[in-house]
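Naming convention: chains lettered A, B, ... in sequence-line order (proteins, then strands); numbering from 1 in each chain.
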Amino acid sequence: MAESLGLATVKEKPRPQQHPLPPLPNAERYPRIHVRFAPNPDSVIHLGNSRAAILSDEYAKIYRGIFTLRFEDTSPSIKPPQPEAYEAIKEDLKWLDVRWDNEVIQSDRLPVYYDYAERLLRIGGAYICTCPVDRFRELISEKKTCPCRDLPVDEQIARWRGMLEGEVKKGGAVMRVKTILDHPNPAIRDWPAMRIDTKPHPRIGTRYRVWPLYNFASGIDDHLLGITHILRGKEHEVNMARQKFMFEYFGWEYPEAIHYGRLKIEGTVLSKSKIRAGIESGIYESWDDPRLGTISALRRRGFMPEAIRRLILEVGVRPSEATISWENLSSINRKILDPVSKRYIFLADPKPMSLEGIEKEFEVSIPIHPDHPDWGSRRFKIGLGSRIIIQSSDLISTKTRKTPYLRLMNLFNVEITPSGSCRFHSEGIAEARSIGAPIIQWLPEGAGTPISVVKPDASRDPGLVDSGVIGEALPQVFQFYRYGFVRVCRSGNSLIGYFAHS
RNA sequence: GCCCCCAUCGUCUAGCGGACUAGGACACAGCCCUUUCAAGGCUGCGACAGGGAUUCGAAUUCCCUUGGGGGCACCA
């Protein structure tokens, strides 16, 4: 009720062209909204992961709520945490302008999980199952009970201690939460909550040998931390159903959960395991390889955090799958970048040319930004004997088009003679139009610095860029005239560019 | 095999029983502007998966079919 009006006024920065996010369900029932982002620090985050973070951040801002960042690192063996990932994820989040109030690491909270595991055993909500996993699956698929399920509480506790104290070997026992044996969804029947994992954890070593599984740790924490609203992918819908049994035993109320659909980006792999495999096999150079959809790769290529946020907000919280196109992301980014990006000249596959027919000296200035004359301009002098550099592709185009003319941007018009020389034709822009000369970018010989531009497919465009970029703060995203937006970085003594989009 | 979720232009999205001859963005086409193949302006193209049902009236509710996604881990 209060939402539709309330949202507009509370929102910090109104984004006019944005679909407003729908109100959070039952927001009025909670004195303070509390959201969380719960990544697994087994690697960096990508566009798909950032959705939960950005959406949660946005709602936290709208409702002036609390945002908790929770690292879910409870699987030393199967999803081993990467020590660098904790910081890398935080860096990505900061870059995305996601702000959090609390930070929790699940591997610090094992005693809490142990406490609640024992409570659950004592109230009969869980049991320690020592059946071989294949045997258990067989029974459960036939809706049959496992012999461990109905053992008395004392025996359960004794078995639990055995797990904790090392009497039980890895794989020898698991704690299961009792649900409904003949639940129509086999995925929900008596789900595992605790298991033994003796592999050293990178943060806390071998201090613990029993680790909670996702549904147990996540559910316990969501309640204990006071999370009111969970935003996560639809793949967690079944997990919610599982966790609700545990909440029922404890007499807790399950948080409001919003499950949005899968987010894909056209032609790009967003699966962490596939990315990792690609890096290990040498297909990708690193986690920020320009071909990837990781946040670090997008950053490296010159996508702005605001562009990612707008995209995520546009996609919203619908439960259907969405396949975003690079065109869409690029268009948003272009609108952000275009008004603020300095223009420089870049020549791919440069070709030096002598100028013929020059009878005076020309002074040209090429604006740093066409809409901001006050930003200054690049000035060059061209006179007798000057040589210039153009792109090979523009030279070739004079042969494939009907006219042999080119206009050198802000300079004059030339004719490419059949012998391949470059002859002064006329000075004015009007003449250029009348002879159908396309305007091309160019550089005086000696004014360029070598640069290699890495394209989104990892191929490279070697060329020359106006040496003026060397005086700029780098890395910085520029628009190269007639080429596109490129993030220019120093690489040792040379320059390297990453192509964002045209 | 069993279970859950989803379904509007090529893509993203608005729509929550009458204001829909279905709106916007991107892409595409044309025109304008422009000394960038950028940005900007205008115009155009273009969708309610199919079938039943409810209703005076359905993109909007219900059912079925089809299609897509996810789950059935001692992963998260």
Side-chain angles (χ1 to χ4, degrees), chain A residues 17-20 22 38-42 49 72-75 77-80 106 129 132-133 136-137 140-141 170-176 183-189 191-197 210-211 213-215 217-218 232-242 259-266 272-273 310-311 313-316 318-332 334-335 337-339 341 343-346 364 366-367 369-371 394 407-413 428-430 432-433 437-441 479-485 501-502:
Chain A
Q17 292 168 314
Q18 219 52 55
H19 303 301
N40 181 332
D42 62 341
N49 306 132
E72 303 203 325
D73 57 347
T74 59
S75 180
S77 298
I78 313 268
K79 289 193 174 173
Q106 289 192 322
C129 173
V133 65
F136 177 82
R137 275 204 267 264
I140 209 73
S141 68
K170 181 171 183 173
V174 59
M175 181 178 104
R176 295 185 186 282
H183 193 286
N185 189 346
I188 287 170
R189 299 174 197 157
W191 51 272
M194 285 280 192
R195 72 358 186 140
I196 297 168
D197 190 343
V210 176
W211 289 87
L213 273 324
Y214 171 78
N215 282 297
S218 194
R232 57 154 61 134
K234 238 179 11 173
E235 66 272 21
H236 287 295
E237 273 173 330
V238 177
N239 288 325
M240 173 172 72
R242 286 197 264 234
H259 295 113
Y260 49 76
R262 282 282 209 204
L263 178 68
K264 294 190 289 183
I265 185 155
E266 197 177 52
K272 284 184 182 181
S273 54
R310 283 190 205 168
L311 180 79
L313 293 181
E314 181 180 324
V315 174
R318 295 171 15 122
S320 47
E321 299 86 46
T323 305
I324 262 66
S325 68
W326 282 101
E327 282 291 354
N328 204 140
L329 212 208
S330 299
S331 164
I332 297 169
R334 184 157 45 228
K335 286 182 171 106
L337 248 23
D338 189 85
S341 295
R343 269 58 169 174
Y344 276 99
I345 283 168
F346 167 73
V364 298
I366 298 170
H369 189 114
D371 301 334
D394 289 326
R407 174 165 182 83
L408 304 176
M409 195 165 69
N410 292 45
L411 182 61
F412 49 57
N413 313 317
I429 182 75
R433 293 197 176 113
I439 297 160
I440 65 163
Q441 79 278 30
Q479 191 200 80
F480 289 167
Y481 276 106
R482 296 180 67 231
Y483 184 76
F485 292 88
H501 46 76
S502 57

Which atom pairs link the protein and nucleotides 7-10 of chain B when you take only N or O atoms and keep those under 3.5 Å?
none

- Message: Could you go through A/Asp394 and A/Gln441, starting from their C-alpha distance and side-chain angles, then the distance that decides it, and tell me whether this counts as side chain to side chain contact (heavy atoms under 4.5 Å, CB included)?
- Response: CA-CA 9 Å; A/Asp394 289 326; A/Gln441 79 278 30; 4.0 Å; yes
- Task: Evaluate side chain to side chain contact (heavy atoms under 4.5 Å, CB included) for A/Lys264 paired with A/Glu321, printing each intermediate quantity in order.
- Result: CA-CA 8 Å; A/Lys264 294 190 289 183; A/Glu321 299 86 46; 5.7 Å; no
- A/Tyr481/A/Ile366 under side chain to side chain contact (heavy atoms under 4.5 Å, CB included): CA gap, chis, key distance, verdict: CA-CA 10 Å; A/Tyr481 276 106; A/Ile366 298 170; 3.7 Å; yes
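With B/rU36, B/rA38, B/rC12 as the candidates, the nucleotide lying closest to the side chain of A/Ile439 is B/rU36.
Protein atom OH of A/Tyr260 is 23 Å distant from nucleotide atom P of B/rC4, rounded to whole Å. Atom CD1 of A/Ile429 and atom P of B/rC33 are 14 Å apart (whole Å). Remark: P of B/rA25 and CD of A/Glu314 are 11 Å apart, rounded to the nearest angstrom. Whole-Å rounding puts the A/Leu337 CG to B/rA39 C1' distance at 12 Å.
Using C1' as the reference atom, B/rU8 and B/rG15 are 9 Å apart when rounded to the nearest Å. B/rU11 and B/rA47 have their P atoms separated by 12 Å, with the value rounded to a whole Å. For B/rG50 and B/rC9, the P atoms lie 10 Å apart once the distance is rounded to whole Å.
Base pairing annotation: B/rA47 forms no Watson-Crick or G-U wobble pair, as no partner gives both donor-acceptor distances under 3.5 Å. Remark: B/rC42 base-pairs with B/rG30. Criterion, Watson-Crick or G-U wobble with two distances under 3.5 Å. Pairing for B/rC9 is absent, judged as Watson-Crick or G-U wobble with the two contacts each under 3.5 Å.
Across all strands shown, A/Asn49 has no heavy atoms under 4.0 Å from either base or sugar-phosphate atoms. Residue-level contact check: A/Pro370 touches the bases, meaning some heavy atom is under 4.0 Å from a base atom.
Residues A/Met194 and A/Val174 share a closest heavy-atom pair of O-CG2, 2.9 Å.
By the 30° and 60° cut-offs, the orientation of the rings of A/Phe480 relative to A/Phe346 is parallel.
Between A/Val210 and A/Met175, every side-chain heavy-atom pair lies at or beyond the 4.5 Å cut-off. With contacts defined as side-chain heavy-atom distances shorter than 4.5 Å, the pair A/Lys170/A/Ser77 qualifies.
Of the possible donor and acceptor atoms, one in the side chain of A/Arg242 sits under 3.5 Å from a partner among the backbone N and O of A/Ala187. Although no hydrogens or angles enter the test, the distance criterion places a donor-acceptor pair under 3.5 Å between the side chain of A/Arg189 and the main chain of A/Ile140.
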- Item | Base versus backbone protein contacts along nucleotides 70-76 of chain B [heavy-atom cut-off under 4.0 Å; B, S, -] | SBSSBBB
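The shortest distance between the side-chain N/O atoms of A/Arg334 and the OP1/OP2 oxygens of B/rA39 is below 4.0 Å.
Toward the 5′ end of RNA chain B lies the nearest nucleotide of A/Pro184, the other residue of the pair A/Pro184 and A/Ile324 mapping further downstream.
Screening A/His236, A/Lys234, A/Arg232 for a side chain to side chain donor-acceptor pair (under 3.5 Å) involving A/His259 leaves a single residue, A/Arg232.
Remark: the A/Gln479 side chain and the B/rU36 base include a donor-acceptor N/O pair separated by less than 3.5 Å.
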